Amino acid sequence: MQMSFKRFFVPIFFVYKWSYEEAKILHRDLSVTNIVCRRTGDGAVRGFLIDFDLASQRDIHHSMDRHQRTSTLPFMAIDISAQSPSPIRLYRHDLESLYYIIASVVCDFNYAWIRDFFSLRGHHLVSCKRAHFFGPCLPPREGFELFTAWLRPLHRAFQLGFRDQSDHNMGVLGKDYDDTTLGGHVTFVAFENIFK
């Protein structure tokens with residue numbers, strides 16, 4: 001079952017990456033409700049990314065986009081939830097949403113963070129997400145242990161990225177900080193290496 005779920009998530013990532021790099025589309029609403037599965041002829045389960053209704057062209061930043069908080073709240077990136085007006089959407093915001101999808105599926109709902117993730121709103125949810133990334137990575141629930149190989153490095157990438165972002169905002173880091181990738185920690189290459 002764990003391998004089926006891995007085969008389910010990997011295509012979602014690569015479709016997202018392709019749509020960003022080749023079609024130049026930013027999805028802006030990754031959530032569990034915007035992915036579906038299909039059993040293929042060989043019996044494998046594959047994930048598909050759907051619902052591009054809130055998508056936008058990657059390199060065109062409309063002023064209206066900054067006033068729209070697109071995404072399903074529990075899966076919304078911290079920066080999008082916390083800042084007003086919303087910052088320009090970046091692919092790393094969607095990758096953060098993908099992390100939340102994976103964590104919500106494979107981690108035990110008995111952990112307070114996962115329960116809070118679906119019940120909190122506003123600044124309480126933002127604080128919960130920040131605390132998650134500055135704390136230890138949650139282990140996967142029983143039967144999903146293989147996902148430790150994904151959860152820990154994904155959690156660590158965001159943890160380091162948000163730490164660098166915080167240091168940069170306080171003037172601790174130099175001018176070389178790249179917010180597009182949280183200081184180079186949250187990139188397509190990093191995700192690809194983790195999903196291998």
Side-chain angles (χ1 to χ4, degrees), residues 1-60 65 68 70-77 80 89-111 113-115 117-118 129 132-133 137-158 161 180-182 185-196:
M1 178 150 116
Q2 293 182 69
M3 290 308 292
S4 292
F5 269 101
K6 282 193 166 194
R7 279 181 268 171
F8 172 83
F9 282 117
V10 170
I12 292 167
F13 166 75
F14 282 104
V15 165
Y16 176 80
K17 180 178 183 278
W18 180 89
S19 64
Y20 180 83
E21 291 180 341
E22 303 300 325
K24 299 188 180 356
I25 294 172
L26 194 60
H27 190 281
R28 301 181 343 140
D29 190 22
L30 269 71
S31 72
V32 293
T33 60
N34 290 337
I35 54 176
V36 295
C37 61
R38 178 176 175 261
R39 190 170 299 279
T40 59
D42 63 356
V45 176
R46 298 284 186 252
F48 294 91
L49 182 59
I50 62 167
D51 195 2
F52 284 80
D53 293 355
L54 297 174
S56 66
Q57 291 180 301
R58 181 184 81 189
D59 299 322
I60 299 175
D65 287 349
Q68 292 181 324
T70 59
S71 288
T72 305
L73 195 56
F75 305 98
M76 188 181 292
I80 303 303
R89 290 299 288 256
L90 305 168
Y91 79 85
R92 74 152 164 99
H93 295 131
D94 282 345
L95 293 182
E96 185 180 341
S97 296
L98 182 60
Y99 170 82
Y100 295 140
I101 293 168
I102 294 169
S104 70
V105 170
V106 305
C107 290
D108 193 332
F109 198 73
N110 290 318
Y111 288 108
W113 180 77
I114 295 294
R115 279 195 316 270
F117 186 74
F118 289 102
K129 289 177 179 180
H132 169 69
F133 285 122
C137 180
L138 294 178
R141 61 187 158 114
E142 187 177 328
F144 287 82
E145 292 84 1
L146 288 177
F147 280 94
T148 301
W150 285 4
L151 285 174
R152 284 188 182 149
L154 289 174
H155 179 270
R156 185 70 174 150
F158 284 104
T180 304
T181 61
L182 284 179
H185 298 288
V186 180
T187 65
F188 284 131
V189 171
F191 268 63
E192 282 182 65
N193 289 335
I194 291 166
F195 287 155
K196 284 184 182 176

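Heavy-atom basis, side chains included; hydrogens, waters and symmetry copies ignored. Note that the coordinates shown come from a computational prediction; the quantities given were computed from them, not determined experimentally.
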With ring-ring contact (aromatic ring centres under 6.0 Å, His included) as the test, pick out the partner of F195 among F9, W150, F147.
W150

Might you work through the side-chain contact (heavy atoms from CB on, under 4.5 Å) test for N34 and L30, ending with a clear yes or no?
CA-CA 6 Å; N34 290 337; L30 269 71; over 6 Å; no

Once rounded to the nearest 0.5 Å, what's the spacing between atom CD of E21 and atom OH of Y16?
10.0 Å

Test ring pair (Phe, Tyr, Trp, His ring centres under 6.0 Å) on Y20 and Y91 and set out the steps.
CA-CA 8 Å; Y20 180 83; Y91 79 85; 5.1 Å; yes

Evaluate the side-chain proximity of L138 to L151: yes if any heavy-atom separation is below 4.5 Å, no if none is.
no

Say you draw a straight line from CD of Q57 to CG of L26; how long is it, rounded to the nearest 0.5 Å?
11.0 Å

Is the CD atom of E142 crowded by more than 12 outside heavy atoms at less than 6.0 Å?
no

Tell me if a side-chain donor or acceptor on H27 pairs with a main-chain N or O of S19 at a distance below 3.5 Å.
no

side-chain contact (heavy atoms from CB on, under 4.5 Å) assessment of D29 paired with F75
CA-CA 8 Å; D29 190 22; F75 305 98; over 6 Å; no

Does I35 reach the side chain of I101, with side-chain heavy atoms less than 4.5 Å apart?
yes

Test side chain to side chain donor-acceptor pair (under 3.5 Å) on Y99 and H132 and set out the steps.
CA-CA 12 Å; Y99 170 82; H132 169 69; 2.7 Å; yes

Answer yes or no: is there a side-chain heavy-atom contact under 4.5 Å between M76 and Y100?
no

Quickly, which of V15, D94, V36 forms a side-chain contact (heavy atoms from CB on, under 4.5 Å) with L49? Name it, please.
V15

Report yes if some heavy atom in the side chain of T148 is under 4.5 Å from a heavy atom in the side chain of P139; otherwise report no.
no

Has the side chain of E145 got a donor or acceptor atom that lies under 3.5 Å from a matching backbone atom of G143?
yes

Using the ring pair (Phe, Tyr, Trp, His ring centres under 6.0 Å) rule, take H185 and F158 through it: C-alpha gap first, then chi angles, then the decisive distance, then the call.
CA-CA 7 Å; H185 298 288; F158 284 104; over 10 Å; no

Answer yes or no: does atom CZ of R46 have more than 12 heavy-atom neighbours from other residues, nucleotides or ligands under 6.0 Å?
yes

Testing the basics here: between A55 and R28, what is the closest heavy-atom pair and its distance to 0.1 Å?
C-NE, 4.2 Å

F133 and H155 aromatic centres sub-6.0 Å:
yes

